[in-house]
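Numbers here simply count residues along the sequence, with the first being 1. No hydrogens, no waters, no symmetry mates; every other heavy atom, side chains included, goes into these values.
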Amino acid sequence: MSIHCVLPSASRSFSLSCPAAGLLRCLLPVPNSILRSMSSKRQMDHLERTASNQRQSVVYPAQVCGIINESESVKRLRLTAHPDFNFKAGQWVDFFIPGVEKVGGFSMCSTPGLLQREGVVELAVKFANHPPAHWVHTACTLGSQVAMRVGGDFYFDPSPSDPATDLLLVAGGVGINPLYSILSHSADLLQLNRASGGGGCNIGSVHLCYSAKTTQELLFKNPILWACKEFPDKLTCEFHVTQQTTDIEPQLQPFVSRRRIAEVELETHVDPQRTLCYLCGPPPMIEAVSQILLELGLPQDRILFEKWW
């Protein structure tokens with residue numbers, strides 16, 4: 001893979017004077033021969049795990065312009081992106097940090113529309129001891145400079161000529177990130193259709209099933225509910241909590257079940273001819289839900305998933 005690093009004059013200090021002399025070296029992808037020789041007994045890093053996925057060839061600089069505590073364990077970063085940076089809803093970035101040898105892999109939770117309107121990309125990162133995530137929670141500050149490269153085969157990018165497709169989005173924990181991007185992108189496209197009087201992309205129904213331990217860990221729940229109320233004939237959602245010990249907030253009660261996602265919730269939203277399902281979450285959840293969907297008659301090629309841990 002050939003690779004280019006875009007570093008405009010305004011950001012040259014990032015590449016030349018940062019304490020990580022090896023930053024530009026880390027932008028090179030790991031050769032496949034090295035990946036094959038690495039031990040299978042340890043958990044693979046992001047670059048190893050995604051070696052077969054498509055990637056853009058350019059690494060773009062970015063600057064942190066906002067840090068928000070999305071929950072007790074998740075920080076949402078807002079990053080000012082390079083003017084040429086682009087992505088599709090659901091994709092992730094290779095995340096390069098000066099002074100940190102490991103390359104992070106984080107799904108974007110924002111939409112291409114937000115990038116177009118404000119020049120901003122958002123990532124929601126859960127606390128972990130893995131160096132990139134640890135840096136986000138312990139060392140990242142406003143103005144921190146990083147670099148990003150877009151990749152991934154898990155995305156929703158309809159064109160006006162495509163027939164309407166019904167989406168079933170199933171998320172577990174922080175796996176909501178790419179699915180929130182897809183849901184929000186669908187809402188953006190519906191808004192554009194409304195503003196223009198039609199003629200845009202054909203958006204079918206979009207249903208989100210989202211499971212977390214507690215309601216506090218249901219990321220983006222308020223904007224998700226807002227989007228569903230804005231387009232009630234197109235967007236719907238249901239939340240699941242598995243370890244809630246306190247009362248559920250009154251405004252969330254109509255949308256929350258105290259159990260795992262089960263077949264009864266999924267079958268209502270599965271049409272083998274129209275439904276495209278996106279799954280993201282812990283591998284055991286993905287495997288269990290995939291099996292249910294197959295038993296409900298959804299073809300394997302209409303079940304797309306992203307396993308992050």
Checklist entry - Are any side-chain N or O atoms of E263 and backbone N or O atoms of I292, one a donor and one an acceptor, separated by less than 3.5 Å? => result no
Item to check | Aromatic plane relationship, Y278 with F154 - under 30° parallel, 30 to 60° tilted, over 60° perpendicular | outcome: perpendicular
Checklist entry - Quick one: does H185's side chain have a donor or acceptor within less than 3.5 Å of a partner on T111's backbone? => result no
Next on the checklist: Any side-chain to backbone donor/acceptor pair from E118 onto L115? Under 3.5 Å, distance only.
Outcome noted: no
Next on the checklist: side chain to side chain contact (heavy atoms under 4.5 Å, CB included), that's the test. Do E265 and H240 meet it? Break it down for me.
Outcome noted: CA-CA 11 Å; E265 286 87 30; H240 294 255; 3.6 Å; yes
Checklist entry - With distance as the sole test, does D157 use its side chain to make a donor-acceptor pair with the main-chain N or O of Y155 at under 3.5 Å? => result no
Checklist outcome for this item: d(N86 CG, Q116 CD) to nearest 0.5 Å is 11.0 Å
Checklist entry - Centroid-to-centroid, F127 to H134, below 6.0 Å? => result yes
Item to check | Test log, rule side-chain hydrogen bond (donor to acceptor under 3.5 Å, both in side chains), inputs E295 and Q291 | outcome: CA-CA 6 Å; E295 292 172 0; Q291 185 58 42; 3.2 Å; yes
Checklist entry - Closest approach of V174 and K126, non-hydrogen atoms and distance? => result CG2-CB, 4.3 Å
Checklist entry - What are the two closest non-hydrogen atoms of P178 and S107, and how far apart are they? => result CD-CB, 3.6 Å
Next on the checklist: I need the full list of salt bridge (Lys or Arg N to Asp or Glu O under 4.0 Å) pairs touching residues 213-225, with sequence neighbours left out, sorted by first then second residue.
Outcome noted: none
Item to check | Pairwise side-chain contact, L169 with C209, heavy-atom cut-off 4.5 Å (strictly under) | outcome: no
Next on the checklist: Between Q244 and T246, do the side chains contain a donor N or O and an acceptor N or O under 3.5 Å apart?
Outcome noted: yes
Checklist outcome for this item: Heavy-atom closest pair (I248 atom, Q253 atom, distance to 0.1 Å) is O-NE2, 3.0 Å
Checklist entry - Is the backbone N or O of G200 less than 3.5 Å from a side-chain atom of N193, with the two atoms forming a donor-acceptor pair by type? => result yes
Checklist entry - With the 4.5 Å side-chain cut-off for hydrophobic clustering, are M108 and I67 part of the same group? => result yes
Checklist entry - Atom CG in L266, atom SG in C277: separation rounded to 0.5 Å? => result 7.5 Å
Checklist entry - So L77 and C140, side chain to side chain contact (heavy atoms under 4.5 Å, CB included) or not? Walk me through it. => result CA-CA 9 Å; L77 299 187; C140 179; 4.0 Å; yes
Checklist entry - Side-chain contact, heavy-atom cut-off 4.5 Å: S205 with L167? => result no
Checklist entry - Roughly how far, to the nearest 0.5 Å, is the CG atom of N177 from the CD1 atom of I182? => result 11.5 Å
Checklist entry - Which heavy atom of V74 sits nearest a heavy atom of A124, and at what distance? => result CG1-CB, 3.9 Å
Checklist entry - Is the backbone of R259 close enough, under 3.5 Å, to the side chain of S257 for a donor and an acceptor to pair up by distance? => result no
Next on the checklist: List the residues meeting side-chain contact (heavy atoms from CB on, under 4.5 Å) with S159, not counting sequence neighbours, and say none if there are none.
Outcome noted: S161, D162
Item to check | Interatomic distance, D94 atom CG to Q56 atom CD [nearest 0.5 angstrom] | outcome: 10.0 Å
Item to check | Sidechain-backbone polar pair: D271 side chain, Q273 backbone, donor-acceptor under 3.5 Å | outcome: yes
Item to check | Close side-chain approach of T236 and L208, heavy atoms under 4.5 Å | outcome: no
Next on the checklist: Let's go through I286 and E306 carefully: what are the C-alpha distance in whole Å and the side-chain angles of both, what is the deciding distance for side chain to side chain contact (heavy atoms under 4.5 Å, CB included) to 0.1 Å, and is it a yes or a no?
Outcome noted: CA-CA 8 Å; I286 288 177; E306 192 95 276; 5.8 Å; no
Next on the checklist: Determine whether a donor-acceptor pair (N or O, by modelled atom type, separation under 3.5 Å) exists between the side chain of S110 and the backbone of E122.
Outcome noted: yes
Next on the checklist: Would you compute the distance between atom CD1 of I97 and atom CE of M148 and round it to the nearest 0.5 angstrom?
Outcome noted: 11.5 Å
Checklist entry - Do L79 and F95 come within less than 4.5 Å of each other through their side chains, counting heavy atoms only? => result yes
Item to check | Closest non-hydrogen atom pair, G152 against Q91 | outcome: O-NE2, 3.0 Å
Which atom pairs, donor and acceptor, lie under 3.5 Å between side-chain atoms of residues 224-235 and protein residues at least two apart or in another chain?
residue: E230; atom: OE2; partner: R194; partner atom: NH1; Å: 2.7
residue: K234; atom: NZ; partner: I203; partner atom: O; Å: 2.6

Next on the checklist: Once salt bridge (Lys or Arg N to Asp or Glu O under 4.0 Å) is applied, what residue pairs with a partner in residues 245-254 remain, sequence neighbours excluded?
Outcome noted: none
Next on the checklist: Can you confirm whether T165 sits close enough to R302 that some side-chain heavy atom of one is under 4.5 Å from a side-chain heavy atom of the other?
Outcome noted: yes
Checklist entry - Between D166 and T275, is any side-chain donor less than 3.5 angstrom from a side-chain acceptor? => result no
Checklist entry - Do the side chains of V146 and V120 join up, straight or via other hydrophobic residues, at under 4.5 Å, putting them in one cluster? => result no
Next on the checklist: Applying side chain to side chain contact (heavy atoms under 4.5 Å, CB included) to L123 and K75, what does each step give before you reach the verdict?
Outcome noted: CA-CA 8 Å; L123 310 173; K75 286 187 181 293; over 6 Å; no
Checklist outcome for this item: Applied to residues 137-146, the salt bridge (Lys or Arg N to Asp or Glu O under 4.0 Å) test, sequence neighbours excluded, yields none
Item to check | Side-chain heavy atoms of F85 within contact of V93, under 4.5 Å | outcome: yes
Checklist entry - Sequence neighbours excluded, which residues qualify as ring-ring contact (aromatic ring centres under 6.0 Å, His included) partners of H269? => result H207
Next on the checklist: Any heavy-atom pair between the side chains of S144 and W135 that's under 4.5 Å?
Outcome noted: yes
Checklist outcome for this item: On a heavy-atom basis, the closest approach of P272 and G297 is CB-O, 3.4 Å
Item to check | L142, V121, V64, I68 screened by side chain to side chain contact (heavy atoms under 4.5 Å, CB included) with R78, the one that passes | outcome: I68
Next on the checklist: Would you say CD of E72 has more than 12 non-hydrogen atoms from neighbouring residues, nucleotides or ligands within 6.0 angstrom?
Outcome noted: no
Next on the checklist: For the backbone of T50 and the side chain of R55, can you confirm whether one donor and one acceptor N or O come within less than 3.5 Å of each other?
Outcome noted: yes
Next on the checklist: When you compare the side chains of S184 and S181, does any donor N or O come within less than 3.5 Å of an acceptor on the partner?
Outcome noted: no
Next on the checklist: I need the L114 CG to D188 CG distance, nearest 0.5 Å.
Outcome noted: 8.5 Å
Checklist entry - Where the side chain of R149 meets the backbone of Y60, is there a donor-acceptor pair that is under 3.5 Å apart? => result no
Checklist entry - Side chains of F87 and P112: does their closest heavy-atom pair fall under 4.5 Å? => result yes
